[in-house]
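Step one of this worksheet: look at the structure below.
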Number of protein chains: 2
Amino acid sequence: MPNDKITSLDVAKRAGVSQSAVSRVFTKGASASQKTIDKVRKAAKELGYRPNVLARSLITGRSRIIGLVVAYLDNYFYPVALQKLSNALKEEGYHVMVFMASDTTKDIERVVDEMLDYQVDAIVAASVPLSSDLAGRCRDEGIPLVFFNRSQDGDNLTSVTADNFAGGREIARFLAAHRPERIGYIAGFEGASTQRDREAGFLRGLEEAGREVSSRTVGNFCSDGARAAALAMFSAPQHPDAVFVANDHMAFAVMDVLRSDLHLSVPGDVILVSYDDVPPAVWAGYSLTTVRQRTSRMVEETVRVLMNAIETGEAPPVNIKIAGPLIVRGSAPAPLGWTNWAQV
Amino acid sequence: MPNDKITSLDVAKRAGVSQSAVSRVFTKGASASQKTIDKVRKAAKELGYRPNVLARSLITGRSRIIGLVVAYLDNYFYPVALQKLSNALKEEGYHVMVFMASDTTKDIERVVDEMLDYQVDAIVAASVPLSSDLAGRCRDEGIPLVFFNRSQDGDNLTSVTADNFAGGREIARFLAAHRPERIGYIAGFEGASTQRDREAGFLRGLEEAGREVSSRTVGNFCSDGARAAALAMFSAPQHPDAVFVANDHMAFAVMDVLRSDLHLSVPGDVILVSYDDVPPAVWAGYSLTTVRQRTSRMVEETVRVLMNAIETGEAPPVNIKIAGPLIVRGSAPAPLGWTNWAQV
DNA sequence: CCGCAATCTGCATTCGATTGCATTATTCTT
DNA sequence: AAGAATAATGCAATCGAATGCAGATTGCGG
């Protein structure tokens, strides 16, 4: 079966129609008689013809490629999101091209260039900061841009995130209800909106409960940083007995430090709450009490926004926030009289 | 700065040269005088021109897109590999397009079609079985195909995997040295070469030590399956006191069952070894003794094979096996007198 | 300063589709 | 059954770049 490069012309010849006819059969929205359709489909099947997406893109100006920029895939949250995003976009006839970006501005710029080279129809930036001029470049080129799990204010750009403020506040309410002696906060990367919003909500919640943070360290959303931050916070004699760790990924490291290095019991000596509800959070070894990110909903919204922007060509910036429930597990049991609003 | 679609022609005009000249400046391997190069580069910079990869692909016949087929991204091994693969290919000027495939044959077929539609230059199949005729299709189209972390024998196809047989055998040697009463094996998905090879190596190793498996259940490489398999194996009164779980992803679930549900101590009551050494394996909550998959090396080899196949146009099938060391951690301490060959 | 080779350059074609336009075949209306 | 409206079709141009070919330029040796 030597079928080197079957083109629409080959199919046309075999079906006894013009090349345009073949194209119309495979282009939805174009009209062709049933007779033609049948002949063409038959010939195409026999030859094993499938339209060349690249050639099509060239003339339609739509590549049906979505560029996804990610910095790390080692925080479980992102692979899960990627998987869902890829599946959801497949349904719409789009595909995801992955662009890893280190944190350097220079690198991100290169990545954006590469995406534009590929004529991506839209860009999803997952936890990667795009400078205003890069975002501007995209706008100029007419390429929709959605920030996933990060927002950038000031630039009025489109984003889809969890309702981090609300989540942080709920966590405060929850921890305060335990009436702990001292409350700690292990922060994520300071430049991230997730970090900022979670902390702001947390502080607000504590304030409402008449409490405050007695100890704060920074873990930068990475394991190493979290370990160091936990050591710093809990080596002190008067360490917190309740702590909010800004995401699950760090929480695992923090728990390891507490239990293995410092021989503190969780939740016996310290109760711990975090954010994301990634798959390992339910593993019995950790069993994290955490605020769930509703990844599926977030992806759904992302796709909706993208499709809309691509189809209408315009993209009034929106900031979509998706609230998620606090999932109570072993690392911090429900305090007496606790009502979980999310589940009411 | 309204720069809607700058083409090589625009640059040509501005630089006062022909369109071909512009093309030559951006096509490596083409010749142009330094003077022309300078003029064109200058004009291009001023206009913000970058070649359209899609148009280029159309005429060169190379898209510089690599199709990656994956079934699950929830086993940590794959995101890590994806990240490395994407980075390594970027260096070579290629990019990864992700295609999620469920396990159904029908779906995989659709996915292969989609990849061909995009004119991918090569395909990497990560733990996804491609039927012989699908593989044949790829060969006919002249598209290199590499199986990553799976091999398919009989079809003489190219693959890059760990040396699973050797790893399994090493694990057997290690467990046997502990002189346990009973040895268990929790298998992965029976259709997978990784499962087959790891078990074969394990059995061979046990045989060499004059031991055998007393209990075997199947976990199918997934968490739920592993939990069920562990319950079945360890609820019996005379359960094993040493177990090899076919990969880390399952091992986490198995440890949870052992410790939390059955109140067995690991490594006190049961010693446990698994395979992969994914990032959570080092988390103190689990601290798995496991055989490392040398992902970086595997990716390196994959890229090498791919580039070679793409450039030469021919791809004599090879099966690359990369051995990895047994990493001894808490779930199974080193037995007395143990020499770790890998580290000698 | 001439001739020949080597290097550049532009023209025109090509890759594989889509699509506006003009023409022809169908269907519908009454 | 005739004419109008509609659907189907083919022609040819187009998308944005790469490249074979032929002619122009340059360089070099003598």
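Every chain is numbered from 1 and lettered A, B, ... according to where its sequence line falls, protein lines coming before strand lines. All values below were derived from every heavy atom in this structure, side-chain atoms included, with hydrogens, water molecules and symmetry-related copies excluded.
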Row check, A:F26 ring normal vs A:R41 NZ/CZ: under 6.0 Å, within 45°: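 Here A:R41 passes the 6.0 Å and 45° test against A:F26.
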For [X], report the nucleic acid contact type (base, sugar-phosphate, nothing); a contact means any heavy atom under 4.0 Å.
{"X": "B:S23", "answer": "base"}
{"X": "B:V17", "answer": "sugar-phosphate"}
{"X": "B:R50", "answer": "sugar-phosphate"}

Could you tell me how far apart [X] ([atom1]) and [N] ([atom2]) are, to the nearest whole angstrom?
{"X": "B:D38", "N": "C:dC8", "atom1": "CG", "atom2": "P", "answer": "13 Å"}
{"X": "B:Q34", "N": "D:dG27", "atom1": "CD", "atom2": "P", "answer": "13 Å"}
{"X": "A:L9", "N": "D:dC11", "atom1": "CG", "atom2": "C1'", "answer": "13 Å"}
{"X": "B:L54", "N": "D:dA17", "atom1": "CG", "atom2": "P", "answer": "11 Å"}
{"X": "B:K5", "N": "D:dA17", "atom1": "NZ", "atom2": "P", "answer": "10 Å"}
{"X": "A:Q119", "N": "D:dG16", "atom1": "CD", "atom2": "P", "answer": "8 Å"}
{"X": "A:K35", "N": "C:dT26", "atom1": "NZ", "atom2": "C1'", "answer": "11 Å"}
{"X": "A:R56", "N": "D:dG16", "atom1": "CZ", "atom2": "P", "answer": "18 Å"}

For residues [X] and [Y], is any side-chain donor paired with an opposing acceptor at under 3.5 Å?
{"X": "A:T161", "Y": "A:K321", "value": "no"}
{"X": "B:S193", "Y": "B:R150", "value": "no"}
{"X": "B:Y118", "Y": "A:N52", "value": "no"}
{"X": "B:D74", "Y": "A:Y76", "value": "no"}

Full working for salt bridge (Lys or Arg N to Asp or Glu O under 4.0 Å) between A:K5 and A:D10: CA-CA 9 Å; A:K5 294 301 160 209; A:D10 300 325; over 6 Å; no
For a quick test of reading the model, state the closest non-hydrogen atom pair linking [X] to [Y] and the distance between them.
{"X": "B:D121", "Y": "B:S63", "value": "OD1-N, 2.9 Å"}
{"X": "B:Q83", "Y": "A:A71", "value": "NE2-O, 4.1 Å"}
{"X": "A:G67", "Y": "A:M115", "value": "CA-SD, 3.8 Å"}

Please write out the pairs of protein N or O atoms and N or O atoms of nucleotides 12-15 of chain D separated by less than 3.5 Å, giving the distance to one decimal.
none

4.5 Å side-chain heavy-atom contact, A:S159 and A:F148: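 No; the side chains remain at least 4.5 Å from each other.
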Does [X] make a side-chain N or O approach to OP1 or OP2 of [N] shorter than 4.0 Å?
{"X": "B:T27", "N": "D:dA18", "value": "yes"}
{"X": "A:Y49", "N": "C:dG16", "value": "no"}
{"X": "B:T36", "N": "C:dT9", "value": "yes"}
{"X": "B:S31", "N": "C:dC8", "value": "yes"}

Pair of N/O donor and acceptor under 3.5 Å linking D:dG20 base with B:R24 side chain: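 It does, because a donor-acceptor pair links the side chain of B:R24 to the base of D:dG20 below 3.5 Å.
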Base-paired stems in DNA chain D, each at least three Watson-Crick or G-U pairs under 3.5 Å: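 Ordered by first number, the stems with DNA chain D (at least 3 consecutive pairs each) read C:1-30 with D:1-30.
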Residue whose closest nucleotide on DNA chain C lies nearer the 5' end, A:F26 versus B:S18: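 The residue mapped nearer the 5' terminus is B:S18.
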